[in-house]
Every structure is written in C-alpha cells, then in structure tokens.
Amino acid sequence: MTTVTHDESPYAPPAEVGEVELYHPKTFIGKYIWSQDAKVIAVQYAITAIGVGLVALVLSGIMRLQLGFPHEFSFINPSNYLQFVTMHGMIMVIYLLTALFLGGFGNYLIPLMVGARDMVFPYVNMVSYWVYLFAVLLLMASFFVPSGPTGAGWTLYPPQAILPGTPGANWGIILMLISLAFFIIGFTMGGLNYVVTVLQARTRGMTMMRLPLTVWGIFMATILALLAFPLGTSFFMPALVSRGEHLGYNGGSPILFQHLFWFFGHPEVYIVALPAFGIVSDLISVNARKNIFGYRMMVWAILAIGGLSFMVWAHHMYVSGMNPYFGFFFATTTLIIAVPTALKVYNWVLTLWKGDIHLTVPMLFAIGFVFTFINGGLTGLFLGNVPVDIPLSGTMFVVAHFHMVMAVSPILVVFGAIYHWYPKVTGRILNDTLGKFHFWVTFIGTYAIYYPMHYLGFLGVPRRYYAMGNSVVIPDSAQSLNAGITIAALIVGAVQAVFLYNLIWSYFRGKPAGGNPWRATTLEWQTPETPPKHGNFGPELPVVYRWAYDYSVPGAAEDFIPQNQPPAKTPGGPEKTLEKTLDAAELGPQKLDASGMPKPVGG
C-alpha cells in the first residue's frame, strides 16, 4: 500500500544542476547599495516604486481639486492639468504597479518560493534595478525642463504628442520616451531573470505543478511583458498643417500607433493583474486554512488569460474608425477572456466556502480585491460591447472602470501582500489596529470615489477635461457630485500616511513575527532564519515533497503541512497515509519509478 496527500511523494529527483557560487559582499555599499541579493534588490525596487507612486498620488489630488472646485486654485491651469493627468497615469501604471509587482514581489518571492539561492543572473538583476532607477529620475527630470512634462495623455498618441499646442511637446515628450526606453531595457534584464529562475533554478521536488500561484502569476506576467513591450516602433506622423505651416511629415499613420500601443496596453492590464491573481489566491488559501480550489484550473486560467490578452487590444479603439468587422471580432474575444477570469473568481469563492476564515489584515485586502475586481470586470463587459462603448468611450465611466480594475484592485493586493510578507522581510508584524483602519477607510473611500463616477459617465461628463463649463446637457448636480468625489479622494490619499507610518514604526517597534506567523506551507516561510540571509536556506536547499496548499489535512498533527515536510513513516513500514490511500494498481505502473516508489505528480 502507498499513501499520498494530494500529490505527496517521498521521492524527489536528484539535482540536475549544481549550486551557483554566490558573491558575498564585505562592505555596506556592496551589501545594501550595489547588492546582488535579490531580496535587497526587491526592497530597492519597492522603495523606489512607492516613492514615485506618492508623486502620482499627489498629482491625482491636485487634479481632483480642479475637478471638484474649478477655478479655485490659481496654480492649476489647463496646460499643467493635462501634464498632471499624463504623469499620474504613466507613473501609476508603469513605474509603480509594473515595477512593484515584478521588480519588488518578483525579486523577493521567486527565489524563496521555488527554493533557490538567488536569481540565476544576480549581477544582471542588480543592473536592472539601477536602470529602472535611472528611468525614474529621467521621468522626474521632465518636471524641471522648459515647458514641463508632456501633456499628451499617458497613451502618448501622435500627432498630438509633438505638436506645438500640446504642453511639453519638446523636452517633455523626449524625456518621457527616453525614460520608457530605459525602463524597458531594465525590465528585460529583470524579466529574463524571473523566467529562467522559475524554469531552471527550482529545488528538488519543486515541479511546475507544485509552484505557488503567486509564482505562476508573476511568471506569466513576465512573459507577457517580454513579448508586449514595444521596441523600435515609429512612423506614425501623417502630413500635417499646423498654424498655417506644412510640417515635415508625410505618410504616417496615427491609427497604427494606436494599434501598437494597445497591443502593449491591454497585455499591460494583465501584467499587473496576473501577479495580483496569484498573490490573492495564496492569501485566501492561507487565511481560509483551506487548499485552493481547482489548483490546476487556476494555472490553466492564468495561461489562457495570458494568451488571450494579445487578442483583445482593439476594444479600446471602437471610436477610432476601424472596420466594423474588427469590432465584432474584438467584442467576441473580450467576452471569451472573461471566461477564465470568471473561473478564478469562482475558485476564490469556493476556497472561502466552509473555510476556517481568519479575517487578518491581508485577508481583508484579499476579499476587498475580489469584490472590487468583480465590480470593475462587470463594467468592462459594458465597454467591450461596441454600441454601448461608443457613447461611453469619452466619459468618466471609462475612468471609473479603469480605476476599479487597474488601480484600486491591484493596489488592494499590493497592500495585502505587504501586510502578509512584511514579517518575512523585517522579522516584525505590522500593527493590526492601524492596518484595519487603513483597510476600511481605503476600501470604503475608493467606492465613494468611483461608484459616483460611473453615474457621471452616464450623464455624459467628459474625461480629460480641465473644466465642464456651462452645459444644458449636464445638470448642475454633476458638479456637486464631483465635489463629493474630490473630498473622498483627498481622505483616501491622506490615510495612506497611516500605512507609511505603520511601515516605519513597525520596523523599529513592531511585535516580533517569528519564522512563520501565518502558519503557511510555502518555502519562503520555512527558511532557517527570518529575515533570510543571503543564500536563503542555509547549508542545504530544501527538498519539496508536496504541493503548496496542504491546509486542514485530516489526520495531520497541525492544520498545515509545509512543502518541505517529508511524508510520515510508520515504524518498520512504508510511507503512512495522511488522507487518501492508493494501491499500486490505482497509481498505475507509469507513475512508479524503478524502485517502486511513486513519481512526483504534475511535474
């Protein structure tokens, strides 16, 4: 008789590749500045991304002051309003969320979760951060050049982006494009590290189907980014007359730029969403004390979403004048991609069903994400439908939908992930009372911002406008609603100071966390020291015997079984059953190795 718990196996194949010798720095600068340790690089990415994200948060507050109380603030004029819109959008989508999910969480979690000493190419990983930092500094420099940063919108559509009437049409747009080029170079170096580490540096027994879903999400998002980030694309300017003068352009196509931008821009949604999906799956499983429902389905849904994300880009372009048959095709693919996305939502709900739910701060943010993502996804079905999208496309409805899906939802995951893994990074737990206060004000406040914004969109309130002016179509109540949205936005922005205070205070005064405060199964919580030292796992790498979700297993001594815990043995007998007993006939000869032991399942 042979016994297994889920895919538990006493057998782990021998290592195929020897361990790489790590560079151990001897100075403070080598250890914390020019560091090759992925964990230090992750913290560098996170601090930089959060820092530049605070700039974008301030810009959004300024924009809301103008929309809520127009003409009350003399320092906000139409030109710099457009510049604030552009910089806010670009920073939040690219320099904060993409960098934080992949550069921050990817660097910290991938080596620990797959049981590796470090990234496969530590030096390249280090360079990737400094290239990213240089890209951020270039972007910030555009605030200080003549005419300021570009005001072309975060989509940077030509010909508007370089015409004289657009703010920042000279130095602003040049610095933006150079900064984006460096960002892509830096990400490419980091992204190759993430992919190769997942494929080549997994520890013994860590098959692909034993990877935590966090790793799967970051892995697939990295592949999307490597394929979708545009390099070397141009030729978009048509023949133009500007201020009575024929400009030196001819034969270009702005619509081609739109296609290329959204061919990147829609996968970018999932470059942010897929890591969020993976992280939420792990947070829900840990805090529901229950294995994730439909693990393999979740993996295949991640892969399906990644593939389909390249086939839906033009639903952003229904008003561009493209062929109506294209509209039918992209409306159909938009509905199709909703299927694997909905499967993930069902699996999260079924994981919660009858679970031993612990409403920790990370769990609150995870559940908040599920609610918000469902809301944002439903409004996305509106905008994926051609006849509905056309009247709503230029309105605040799009702003509300986009922020629910692409801003509020992933930011909730970012917060939940920081509260969850902060004990591993620092050895201390964030203050629980401050954390719950931060969650509830942020969660309720964001709904006070974006729910009314959907209604403004139905009224026809346009997006990107500096002021609405007088209109017989838009009622006066819309301005009152805009003022209320602004007050809610300022409160939500201000409460983020509580989160930052919690981060700093807890680092020095927080309660010691211990090695595994959440009683989690994955390898990052099984390190011999917390925080983990360079090399992560001490003298020997862990050996994995099971998947990442053995929670509340009947007959187990505790309500979780770590991935590196071998199967229990009975005295003088074979491996002992913890949940389900299978004989050799049930396992099948193809699943037994030469010694009669079961091969790992799902590798």
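Residues take their numbers from the sequence shown, with the count starting at 1. Predicted, not measured: the structure shown is a model, and the values here were computed from it.
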First locate atom CG of Leu283, then atom CG of Leu213, and finally report the distance between them rounded to the nearest 0.5 Å. 11.5 Å
Close side-chain approach of Phe187 to Thr222, heavy-atom, < 4.5 Å: yes
Parallel, tilted or perpendicular, judged at 30° and 60°: which one describes the rings of Tyr451 and His454? perpendicular
Are the side chain of Thr166 and the backbone of Ala169 linked by a donor-acceptor contact shorter than 3.5 Å? no
Could you report the tightest heavy-atom contact between Pro423 and Ile429, atom names first, then the distance? CG-CG1, 4.0 Å
Would one find more than 12 heavy atoms of other residues, nucleotides or ligands at under 6.0 Å from atom CZ of Phe382? no
Using atom types as modelled and distance alone, determine if a side-chain donor or acceptor of Asn107 lies under 3.5 Å from a backbone N or O of Gly103. yes
For atom CG of Asn323, decide whether the heavy atoms of other residues, nucleotides or ligands shown that lie under 6.0 angstrom number more than 12. yes
Taking only residues at least two apart or on different chains, which pairs with a member in residues 322-344 satisfy ring-ring contact (aromatic ring centres under 6.0 Å, His included)? Trp313-Phe330
Verify the ring-centre separation between His316 and Phe402: is it less than 6.0 angstrom? no
Donor-acceptor contact below 3.5 Å, side chain Arg428 vs main chain Tyr422: no
Within 6.0 angstrom of Trp505 CH2, more than 12 heavy atoms from elsewhere: yes
Just do the side-chain contact (heavy atoms from CB on, under 4.5 Å) check on Ile292 and Asn347 with the steps written out, would you? CA-CA 7 Å; Ile292 195 74; Asn347 285 11; 5.7 Å; no
With no hydrogens and no angle check, just 3.5 Å: does a side-chain donor-acceptor pair link Thr442 and Gln496? yes
I'd like to know if the side chain of Ser393 and the backbone of Ile390 have a donor-acceptor N/O pair within less than 3.5 Å. no
Within the supplied structure, the quantity of interest is the number of heavy atoms (other residues, nucleotides, ligands) at a distance under 6.0 Å from Phe458 CZ; does it exceed 12? yes
Qualifying residues under side chain to side chain contact (heavy atoms under 4.5 Å, CB included), relative to Val58, sequence neighbours excluded: Ile62
Is the side chain of Ser253 donor-acceptor paired with the backbone N or O of Phe236 at a distance under 3.5 Å, no angle test? no
Is there a donor-acceptor pair closer than 3.5 Å between any side-chain N or O of Ser179 and the backbone N or O of Leu138? no
Taking the inter-plane angle between the rings of Phe439 and Phe443 on a 0 to 90° scale, is it parallel (under 30°), tilted (30 to 60°) or perpendicular (over 60°)? parallel
Taking atom CZ as the centre, does Phe73 end up with more than 12 heavy-atom neighbours from other residues, nucleotides or ligands that are less than 6.0 angstrom away? yes
Should Ser320 and His259 count as side-chain neighbours, where that means a heavy-atom distance under 4.5 Å? no
Within the 4.5 Å heavy-atom criterion, are Phe277 and Phe373 side-chain neighbours or not? yes
Just checking Tyr466: does its OH atom have more than 12 heavy atoms from other residues, nucleotides or ligands closer to it than 6.0 angstrom? yes
Taking all non-hydrogen atoms of both residues, which atom of Ile357 and which atom of Leu352 are closest, and how far apart? CD1-O, 3.7 Å
Are any of the side-chain heavy atoms of Ile305 and Lys344 separated by less than 4.5 Å? yes
Can a side-chain donor-acceptor contact be found between Thr372 and Tyr447 if the only test is distance below 3.5 angstrom? yes
Using 30° and 60° as the class limits, which term best fits the ring planes of Tyr419 and His438: parallel, tilted or perpendicular? tilted
Do the side chain of Asn287 and the main chain of Pro362 share a donor and acceptor less than 3.5 angstrom apart? no
Within this structure, what is the OG1-CG distance for the pair Thr86 and Asn80, rounded to the nearest 0.5 Å? 11.5 Å
Is the CE atom of Met322 crowded by more than 12 outside heavy atoms at less than 6.0 Å? yes
For Thr214 and Ile279, which heavy atoms make the closest approach, and how far apart are they? OG1-CA, 3.4 Å
Is there a donor-acceptor contact under 3.5 Å from the side chain of Thr341 to the main chain of Ile337? yes
Are any non-hydrogen side-chain atoms of Gln479 and Met468 less than 4.5 angstrom apart? yes
Specify whether Phe261 and Phe257 have parallel, tilted or perpendicular ring planes, treating 30° as the upper limit for parallel and 60° as the lower limit for perpendicular. parallel
Asn502 side chain to Asn431 main-chain N or O, any donor-acceptor pair under 3.5 Å? yes
Pair Ser142-Trp171, side-chain donor/acceptor within less than 3.5 Å: no
Between Pro462 and Ile474, the two heavy atoms sitting closest are CD-CD1, 4.1 Å
Do you know which of Leu343, Val370, Ile367 makes side chain to side chain contact (heavy atoms under 4.5 Å, CB included) with Trp348? Val370
What are the two closest non-hydrogen atoms of Ala366 and Ile284, and how far apart are they? CB-CG1, 4.0 Å
Examine distances only and state if a side-chain atom of Thr351 and a backbone atom of Phe293 form a donor-acceptor pair shorter than 3.5 Å. yes
Can you find a pair of side-chain heavy atoms, one from Phe415 and one from Phe499, that are under 4.5 Å apart? yes
Quick check: closest heavy atoms across Ala400 and Tyr450, and the distance to 0.1 Å? CB-O, 3.6 Å
With heavy-atom distances below 4.5 Å as the criterion, would you say the side chains of Leu308 and Val339 are in contact? no
